[in-house]
There are 2 protein chains.
Amino acid sequence: MRVTIRDVAHAANVSISTVSRVLNDTCVVSEDKRLLVLEAAKNLNYRPNPAARSLLNKSTGGLGVLLPFVSGEFFSEFLGGIDEAAQKNDFFLMISTSHRHQDEFRAAMRAMDKRVDGLIIMAPELGAEDAASIPSLDEPVVFVNTNIDQRPFDVINFDNFGGAHALTRHLLELGHHRIAHIKGPADARDAQERTRGYRMAMAESGIEDVVALEFQGGFTQESGHAAANRILQMDPRPSAIMAANDYSAMGVLSALHEAGISVPKDVAVAGFDGLASGQFTVPPLTSVRVPVRELGSTAVMRLIDRLHGKLADTAPLRLDLPVELLIRESTSAKAVHGRTPAFE
Amino acid sequence: MRVTIRDVAHAANVSISTVSRVLNDTCVVSEDKRLLVLEAAKNLNYRPNPAARSLLNKSTGGLGVLLPFVSGEFFSEFLGGIDEAAQKNDFFLMISTSHRHQDEFRAAMRAMDKRVDGLIIMAPELGAEDAASIPSLDEPVVFVNTNIDQRPFDVINFDNFGGAHALTRHLLELGHHRIAHIKGPADARDAQERTRGYRMAMAESGIEDVVALEFQGGFTQESGHAAANRILQMDPRPSAIMAANDYSAMGVLSALHEAGISVPKDVAVAGFDGLASGQFTVPPLTSVRVPVRELGSTAVMRLIDRLHGKLADTAPLRLDLPVELLIRESTSAKAVHGRTPAFE
DNA sequence: CTGTTAGCGCCTTCAT
DNA sequence: ATGAAGGCGCTAACAG
């Protein structure tokens, strides 16, 4: 933070406004002075101070991303999509995590405030109270994988309900009736939607009392492992397990392996998310591919459109990205490939 | 218009400086005015503008992270470690990627400049020319997983050489002699170190002409797959393959699977990085666990110490974090099943 | 075309 | 204890 525009002006024997004009190419400057300025700036290794600039501009050139975690395949892919789109549009990225905690969520919001031009928020567990505090920000916000029904924000989600419905139907069509379901975190709306899809498909098949088949999980491998062990104690034992996400399903696989139970012969297993590592499990995991990367890039593009004022009085976006059934060996020795049946 | 300190001062019937003093708790203010200010600030939802503040402070409260990619298990875990440590110390995070391209690397450096108080840079492919341009920054820098021999920066690496050496010895001790090696990107120093460890162990075993056993890879699954197919055409065929990282090794596993070759019975396979998903491959992958998460948090702590001036005239850090051999079934059936290895 | 001037929002001496 | 005034580095009027 040492060499300023003033130093450059002095070195080039011009005024500071001329320097500014040359560097921003904001109006015509005589060629000789232009070169002089460029030369001086280069020699002095001058780099404008973005803080000073954004004090005038009211714009930072940055996008904020607030999500539960940065690690894990799901968030990692999401960030990849965000990063690519942001870089392509010359925005820098500020990233914060909530760890699904309200206080960290608020702290992150505070930290991003005015340091970025817009926010992308993923908070599946976001309660109504937090949602209410969001309009206090000046920046436009795009929510992803979050259910904010009542507010005028752009919202981009996956078709969690449709995917879970299709996945459950897949199991039903294989002849399974007793399909246990391992739920995600109770407060996460995406998890709730998946459970809803499960229940709907079961109900459509005339299967009552699914509640007895539902087990609490937490989107983690450990929770899936624990739930599987509880499921194994049921009598009669379910012939299939549909976990709310792939990590849980991987926990299930390891629990079944430990118990000497063969998949899919004895018990079929399915996950959700379509993580790349699901190809490498034993056996490869049936799942629902959600377009995580695309979710990120779509959110960035939408946000940038808003920032450019292109969407000034457009109605808030409400988009559910389509998901895709990935049938692998964990449910059926025969692997097929297909899109989500239209359930809208 | 956004609400400024002036609005608060007006609403509370005090001067701007009083507001500043109350909000920053910078000197004693009479209790009644204090409450007045706090009240007004709350009512107006006043949030100080960080740009204006950092113009004076010359500090932003942020850390920059520059790395090749954000997605993938390796970078994802690294970011997790960074995020945790940064959050604990109330620093926000700016993240940019180079995709291993020089121009993107420089663009990212420019974007971070002055927007953060310090930088963590992971650039295994960093050439001497780029290294030369780095001192032009005013912020302190900690390099991770990067070899910058000649410059006075803090550098934290893994013991790539030692890990590769130990891993190769493990294969040699299992009785393998013809051990093929799939290298990482030619310009990546961490990959080079791993290759060096491989060569050293081979040489110590009296095995000459290893160059014929080395194949170019690129740290990706696809490159590992392609290299494996080339290896399979060798005559005599190597009995073991040591890949420069886990992703390559997973590509090898799939190529061998396609070719109907059994692992580890026909060919043993080993990776490097110790990714979590290596537990789920068929068979589970022998690897070298590198403490990625710890690398991130250590770098943050070191950087913050520098920022606090605690390390004013300390010599630059040069630290190699220890790695750990993870022996799984892809090299030795004994690891999981408790059977005698077939080679003996 | 170019230089001078007035802020952007805030903190920090200075006075009072 | 409080208010007024002077920048931080930069851009955007406004004159010349």
Side-chain angles (χ1 to χ4, degrees), chain A residues 1-41 44-62 110-111 113-117 137-139, chain B residues 1-41 44-62 110-111 113-117 137-139:
Chain A
M1 301 231 186
R2 276 205 350 271
V3 33
T4 78
I5 195 173
R6 180 161 287 138
D7 301 320
V8 179
H10 192 258
N13 263 321
V14 296
S15 73
I16 58 173
S17 17
T18 300
V19 176
S20 173
R21 284 191 269 257
V22 170
L23 265 33
N24 297 304
D25 201 29
T26 184
C27 51
V28 192
V29 176
S30 72
E31 190 60 15
D32 53 343
K33 291 204 188 257
R34 218 180 68 82
L35 292 175
L36 233 50
V37 168
L38 257 24
E39 172 91 9
L44 295 170
N45 185 28
Y46 169 67
R47 288 135 8 206
N49 185 328
R53 183 172 284 177
S54 66
L55 204 51
L56 285 296
N57 289 350
K58 296 183 58 178
S59 115
T60 63
R110 237 178 293 123
D113 180 43
K114 289 178 182 145
R115 285 194 232 260
V116 293
D117 298 337
L137 294 180
D138 304 314
E139 296 84 17
Chain B
M1 214 39 189
R2 297 175 178 187
V3 30
T4 78
I5 195 172
R6 181 161 287 136
D7 302 320
V8 179
H10 192 260
N13 264 320
V14 295
S15 73
I16 294 179
S17 9
T18 301
V19 177
S20 173
R21 283 191 269 256
V22 170
L23 265 32
N24 297 303
D25 202 30
T26 183
C27 52
V28 192
V29 176
S30 71
E31 190 59 15
D32 51 345
K33 294 205 186 253
R34 216 180 67 85
L35 292 175
L36 235 48
V37 169
L38 257 25
E39 172 92 8
L44 296 170
N45 185 28
Y46 169 67
R47 287 132 13 205
N49 185 329
R53 183 172 281 176
S54 68
L55 204 51
L56 284 295
N57 288 350
K58 304 178 71 166
S59 117
T60 64
R110 238 176 295 122
D113 180 42
K114 288 178 183 148
R115 286 194 231 261
V116 293
D117 298 337
L137 294 180
D138 304 314
E139 296 84 16

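Chain A is the first sequence line, chain B the second, and so forth, proteins listed ahead of strands; every chain is numbered from 1.
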* Distance-minimising heavy-atom pair for Ile5(A) and Tyr46(A) -> N-CE1, 3.4 Å
* Please report the shortest heavy-atom distance between Lys114(A) and Pro48(B), naming the atom on each side. => CD-O, 4.2 Å
* Structure fact -> Closest to the side chain of Pro48(B), out of dT2(D), dC10(C), dG3(C), is dC10(C)
* To do: Please tell me which of the listed nucleotides, dC1(C), dC8(D), dT2(C), lies nearest to the side chain of Thr18(A)?
  => dT2(C)
Nucleotide [N], atom [atom2] - distance to [atom1] of [X] in whole Å:
X        : N       : atom1 : atom2 : value
His10(B) : dG9(C)  : NE2   : P     : 16 Å
Arg6(A)  : dC8(D)  : CZ    : C1'   : 10 Å
Leu23(B) : dC11(C) : CG    : P     : 8 Å
Asp25(A) : dA12(D) : CG    : P     : 13 Å
Leu55(A) : dG9(D)  : CG    : P     : 12 Å
Arg47(A) : dC10(D) : CZ    : C1'   : 16 Å
Asn49(B) : dC11(C) : CG    : C1'   : 13 Å
Leu36(A) : dC1(C)  : CG    : P     : 17 Å

What pairs of nitrogen or oxygen atoms, one from the protein and one from nucleotides 12-16 of chain C, lie under 3.5 Å apart?
none

Looking at [N], I'd like to know if its phosphate oxygens (OP1 or OP2) sit under 4.0 Å from a side-chain N or O belonging to [X].
X         : N       : answer
Ser15(B)  : dA4(D)  : no
Lys114(B) : dG9(D)  : no
Ser30(A)  : dT2(C)  : yes
Arg53(A)  : dC10(D) : no

* Salt bridge between Asp138(A) and Arg47(B), side-chain N to carboxylate O under 4.0 Å? -> yes
* Side-chain contact test, heavy atoms from C-beta onward, threshold under 4.5 Å: evaluate it for Leu23(A) versus Leu38(A) and give yes or no. => yes
* Asked: Is any side-chain heavy atom of Thr4(B) closer than 4.5 Å to a side-chain heavy atom of Asn49(B)?
  -> no
* Would you confirm whether Asp117(A), through its side chain, and Ser59(A), through its main-chain N or O, come within 3.5 Å as a donor-acceptor pair? => no
* Is Thr60(B) reaching over with its side chain to a backbone N or O of Arg115(B), donor-acceptor style, under 3.5 angstrom? -> yes
* To do: Find the bend of the helix from dC1(C)-dG16(D) to dT16(C)-dA1(D) as the angle between its two terminal axes (five pairs each), to the nearest 10°.
  => 50°
* salt bridge (charged side-chain N to carboxylate O under 4.0 Å, His left out) against Arg34(B), all qualifying residues, sequence neighbours excluded -> Glu31(B)
* Taking atom CG of Asn45(B) and atom CZ of Arg2(B), what is their separation to the nearest 0.5 Å? -> 12.0 Å
* Asked: Start at the 5' end of DNA chain D and walk down; is the nucleotide closest to Ala51(A) or to Lys33(B) reached first?
  -> Lys33(B)
* Asked: For Val29(B) and Ala52(B), take the nucleotide of DNA chain D holding the closest heavy atom to each; which residue's nucleotide lies nearer the 5' end?
  -> Val29(B)
* Looking only at side chains, do Ser17(A) and Ser20(A) share a donor and an acceptor under 3.5 Å apart? -> no
